[in-house]
Amino acid sequence: LDGFALDTDPVQNEVAAVNQVKNQYGVPLQAGLAVGDVDTAYNTFLSKSKSAGLDKYRDEVQKQLDAYLKEKGIKWAFIYEEFGIQAKNL
């Protein structure tokens, strides 16, 4: 995806909120420092991320990515699915 640059202006509040959740819940979980049950910690992280606007953030990334790929004439894209961005046939 050389040349793709995400414009975060439409989701700047969600980006800030999701990053805050990531730092508070995701980083300790990833480092193996989750307090208590790991599944519970993961579900808390996921729930807090969604409440912070993860779905809106992900949808905006997908929208901009689809537009970029269409503009470049790329028919298939295999995208890292960290935020649920999926490979799709355009």
Side-chain angles (χ1 to χ4, degrees):
L1 294 174
D2 189 31
F4 175 74
L6 179 64
D7 175 11
T8 58
D9 285 347
V11 287
Q12 63 185 353
N13 293 334
E14 289 78 11
V15 170
V18 168
N19 281 334
Q20 185 176 23
V21 169
K22 180 189 74 169
N23 291 334
Q24 185 175 355
Y25 297 94
V27 171
L29 184 63
Q30 190 174 26
L33 303 173
V35 177
D37 179 56
V38 173
D39 289 333
T40 300
Y42 174 77
N43 288 332
T44 298
F45 169 57
L46 187 58
S47 173
K48 296 279 186 181
S49 296
K50 287 182 175 278
S51 294
L54 179 62
D55 291 334
K56 182 177 178 183
Y57 181 13
R58 183 191 62 226
D59 291 346
E60 182 62 29
V61 172
Q62 188 71 61
K63 177 180 140 189
Q64 290 183 34
L65 188 55
D66 288 347
Y68 175 82
L69 295 172
K70 184 176 180 181
E71 175 187 319
K72 297 295 180 185
I74 299 172
K75 300 294 182 193
W76 281 92
F78 296 94
I79 309 303
Y80 185 66
E81 295 190 20
E82 179 179 0
F83 290 110
I85 308 302
Q86 300 179 9
K88 59 194 290 185
N89 181 1
L90 303 175

Approximate separation, where rounding is to 0.5 Å, of [X] [atom1] and [Y] [atom2]:
{"X": "K63", "Y": "K56", "atom1": "NZ", "atom2": "NZ", "value": "10.0 Å"}
{"X": "D7", "Y": "E60", "atom1": "CG", "atom2": "CD", "value": "7.5 Å"}
{"X": "D59", "Y": "Q64", "atom1": "CG", "atom2": "CD", "value": "11.5 Å"}
{"X": "D66", "Y": "K70", "atom1": "CG", "atom2": "NZ", "value": "9.5 Å"}
{"X": "D55", "Y": "K50", "atom1": "CG", "atom2": "NZ", "value": "4.0 Å"}

Quick check: does any side chain N or O of T44 sit under 3.5 Å from a backbone N or O of T40, one acting as donor and the other as acceptor?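 Yes, T44 side chain to T40 backbone: donor-acceptor pair under 3.5 Å.
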Remaining members of hydrophobic cluster (4.5 Å side-chain criterion), V38: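 ILVMFWY cluster around V38 also holds V21, Y25, L29, Y42, F45, L46.
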Polar side chain donor-acceptor pair, Q24 to Q20, under 3.5 angstrom: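 No, no side-chain donor-acceptor pair sits under 3.5 Å.
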Work out which heavy atom in A41 is nearest to a heavy atom in A34; give both atom names and the distance.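 That would be CB-CB, 3.7 Å.
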I'd like to know whether Y57 forms a side-chain contact (heavy atoms from CB on, under 4.5 Å) with L6, so could you lay out the CA-CA distance, the side-chain angles of the two residues, the decisive distance to 0.1 Å, and finally the verdict. CA-CA 11 Å; Y57 181 13; L6 179 64; 4.1 Å; yes
Identify whether F4 and V15 are in the same connected component of the hydrophobic contact network (ILVMFWY, side-chain heavy atoms under 4.5 Å).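 Per the 4.5 Å side-chain linkage, F4 and V15 are co-clustered.
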